[in-house]
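The structure under discussion appears below in the form of structure tokens.
Just follow the structure's listing: the first ligand is 1, and inside any ligand the first atom is 1.
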Amino acid sequence: MNVIGATPPLLEIDAATVLRGGLPVLDRFSLRVEEGRHTAILGANGSGKSTLVQLIARQLYPLAHDDRRGPVRVFGRERWNVAELHGLLGIVSPVLQHDYTSEMPLEVFDAVVSGFYAARGLGLDHQVSEGMRERAHAALAQLDASHLVGRDMAGLSTGEARRVLIARALVHRPRALLLDEPCAGLDLASRRRFLESLRALARGGTTLLLVTHHVEEIIPEIGHVLLLKHGRVLRQGGKTATLTDGALGEAFDMPMRVTRHGDWYHAAVATP
Ligand SMILES: Nc1ncnc2c1ncn2[C@@H]1O[C@H](COP(=O)(O)OP(=O)(O)OP(=O)(O)O)[C@@H](O)[C@H]1O
């Protein structure tokens with residue numbers, strides 16, 4: 001229960017069930033994330049991570065409860081115009097990347113600057129100010145993607161398109177970033193630069209929700225970890241409680257060895 005006047009949680013999910021192909025892939029799933037609580041989401045293939053991201057982004061919908069109460073609230077609200085919600089969130093996901101690279105042609109700069117309007121590309125009613133252009137150029141430079149301006153998104157490599165979409169997600173300075181394996185396809189230098197920019201954003205107050213397969217991408221600013229298994233929360237809590245050999249071993253059904261280097265963690269399959 002929120003105190004009146006306090007900021008509502010970024011996310012409240014109350015026993016949400018999501019069906020895909022007729023099967024529950026999130027099963028009476030509950031989660032609460034306060035704004036400012038940077039969270040990493042880990043789990044085996046098929047555990048429901050991307051489904052969770054799509055549920056939050058309103059790209060998938062849960063079953064309604066019997067009393068018609070919606071099981072998902074974002075920034076305290078149950079009902080959203082999707083474009084309005086996407087104006088508050090920066091989203092990078094494989095679904096988005098597919099949408100931006102496989103349909104109608106879309107030029108790189110337009111893809112980034114249209115992030116201000118939560119739109120896929122610019123329409124006649126979108127007025128782009130000089131300030132918006134500057135921010136779009138700065139975001140592209142931050143991701144070392146300025147040289148891609150003028151190209152069609154569909155013609156980019158996976159990592160190039162990923163960098164453009166990350167720039168797009170950052171351009172409007174969202175309150176929260178929803179990142180589904182954002183580093184997949186990035187080369188080592190781009191990954192490092194991106195993780196450093198995530199650190200700065202986290203310190204600057206943008207809440208991060210990061211889905212990753214790589215424990216070493218959990219930047220020090222992320223203090224909370226959610227382990228998913230078979231569409232349910234297996235464990236959640238601080239890193240010392242969740243990034244353990246036992247918890248990760250259970251999440252992935254394989255013995256794991258976790259090592260810690262300062263505020264960074266690394267996990268690998270334990271060799272006998
Ligand atoms: N379009 C779909 N139709 C039917 N089932 C689907 C569909 N998309 C996903 N699923 C199923 O939903 C479950 C959860 O998938 P999801 O993509 O959320 O997992 P994930 O944890 O993100 O996996 P990965 O690590 O492989 O990306 C899987 O069992 C998957 O097969």
Fill in the blank from the handout: Using a 4.5 Å side-chain heavy-atom cut-off and chaining through intermediate ILVMFWY residues, the residues clustered with Leu19 come out as Leu63
Problem - Glu181 and Lys49 ion-paired at < 4.0 Å - result: no
Practice task
Check the pair Ile219, Leu208 against side-chain contact (heavy atoms from CB on, under 4.5 Å), reporting the backbone distance first and the verdict last.
Solution key: CA-CA 10 Å; Ile219 56 175; Leu208 305 181; 3.7 Å; yes
Exercise for the section: Output yes when Lys229 and Glu250 qualify as a salt bridge under the 4.0 Å nitrogen-oxygen rule, no when they do not. Expected result: no
Handout entry: Backbone N/O of Arg28 and side chain of Thr17: donor-acceptor pair under 3.5 Å
Key = yes
Problem - Shell of residues surrounding ligand 1, defined by a 4.0 angstrom heavy-atom cut-off that is strict - result: Arg20, Gly21, Val25, Ala44, Asn45, Gly46, Ser47, Gly48, Lys49, Ser50, Thr51, Glu181, His213
Handout entry: Between Phe109 and His137, ring centroids under 6.0 Å
Key = yes
